[in-house]
Amino acid sequence: MQRIAVMTSGGDSPGMNAAIRAVVRYALHHGIEVMGIQRGFFGLVNDDLIALGPREVGGKIQEGGTFLRSARLPEFKQTEVQQRALEVLARRRIGGLVVIGGDGSLAGATALHQQGFPVVGIPASIDNDIVGTDATIGMDTALNTILEAVDRLRDTASSHGRIFIVEAMGRHCGYLALMAGYTGGAEVIHIPELPLELEEILATVEQAWIREKAHVIVMVAEGAAHSFSEIAAYIEEKHKGFECRVTQLGHVQRGGRPTHFDRLLASRLGVKAVECLRAGQTGTMVGLQGTQLVAVPLADVVGHNKQAPAEEYQIIRILAQ
Ligand code: F6P
């Protein structure tokens with residue numbers, strides 16, 4: 001394997017640049033050339049590649065986003081589009097591919113693997129919704145971004161005795177809302193994995209008020225049954241006198257300088273991915289399980305979205321009283 005390629009795909013996440021850097025520097029250390037594919041599978045299909053030497057990844061470990069840029073390409077499900085990608089890889093004499101991204105990107109990687117091309121996936125998404133790994137690149141940075149916002153909101157919520165309903169990202173997974181709610185001291189956490197009725201949410205808010213809490217934070221995952229605005233309207237309608245304010249954090253959760261944790265995870269997974277390509281351990285996704293770096297079959301990962309650890313909610317409720 002004299003030449004490999006690396007891409008970032010799907011929703012970007014802080015730490016992707018650190019992963020690219022590790023792939024490039026570690027491959028070059030072993031005499032393997034690296035091509036960077038720009039804009040994910042879209043760039044691959046359109047032969048939008050650049051050579052990556054040690055200097056191209058200099059000053060990148062601390063930068064958020066991805067300098068290779070990213071894109072979503074739903075058409076990659078089509079065999080003829082996959083064939084065009086394989087033709088580009090063959091023409092460029094690329095012997096292996098590293099795909100850095102979330103569930104959709106890993107599905108694209110699996111398609112190339114099924115066509116017989118050596119691929120290794122690196123899980124990168126703020127959602128932490130990928131099975132086979134305890135953490136995904138970007139999760140920790142996003143959690144700290146949410147936490148910074150919640151801490152700020154607690155200040156003003158206490159000043160005015162208000163109820164703040166905060167929406168976190170996560171697509172269909174409630175991990176960001178659950179864990180940021182846990183460490184942000186939220187009194188209520190509403191996530192897809194924990195169906196709560198509006199009446200229950202109101203009852204919990206009223207109990208907090210009876211306990212004379214200075215404020216109430218309701219953390220809502222974007223994929224939960226009831227939206228943050230619906231909850232705010234319901235509380236104010238059913239309990240006159242309660243004053244609600246809402247904050248939809250949105251894409252601010254996708255930006256920022258990666259934390260130490262994400263830089264370390266990204267670097268280790270980048271190295272592991274190159275080791276897998278060199279060892280022929282392909283059709284896999286590298287990940288972290290406990291303290292161990294692992295390589296798991298893509299077939300065991302794709303299509304199995306991970307659920308948030310909803311069992312922790314009881315303890316979270318007790319600690320937030
Ligand atoms: O998968 C990461 C993520 O940020 C999700 O949490 C969110 O629902 C989605 O991407 C937003 O997609 P886009 O960046 O295309 O708006």
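In listed order, ligands and their atoms are each counted from 1.
By the 30° and 60° cut-offs, the orientation of the rings of His226 relative to His190 is parallel.
Atoms of ligand 1 lying under 4.0 Å from any heavy atom of His251, numbered from 1 in the order shown and given with element: 13 (P), 14 (O), 16 (O). Listed by number with element, the atoms of ligand 1 under 4.0 Å from a non-hydrogen atom of Glu222 are 5 (C), 6 (O), 7 (C), 8 (O). Counting atoms of ligand 1 from 1 in the listed order, those under 4.0 Å from a heavy atom of Gly170 are 6 (O).
Looking only at heavy atoms of the protein, atom 13 (P) of ligand 1 is closest to Arg72 NH2, 3.5 Å. For atom 1 (O) of ligand 1, the closest non-hydrogen atom of the protein is Asp127 OD2, 2.8 Å. Nearest to atom 9 (C) of ligand 1 among the protein's heavy atoms is Arg171 NH2, 3.8 Å.
Looking at heavy atoms from C-beta onward, Gln248 lies in side-chain contact with Phe228 at the 4.5 angstrom threshold.
If you run side chain to side chain donor-acceptor pair (under 3.5 Å) between Lys306 and each of Asn128, Asp103, Asp129, only Asn128 comes through.
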Glu206 vs His239, side-chain hydrogen bond (donor to acceptor under 3.5 Å, both in side chains): CA-CA, chis, key distance, verdict: CA-CA 9 Å; Glu206 287 172 333; His239 195 116; 2.7 Å; yes
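Evaluated by nearest non-hydrogen atom to atom 14 (O) of ligand 1, the leading choice among His172, Met169, Arg254 is Arg254.
Between the CG atom in Leu49 and the CG atom in Leu44 there is a gap of 7.0 Å [rounded to 0.5 Å].
The closest side-chain donor-acceptor pair between Thr259 and Asp140 falls under 3.5 angstrom.
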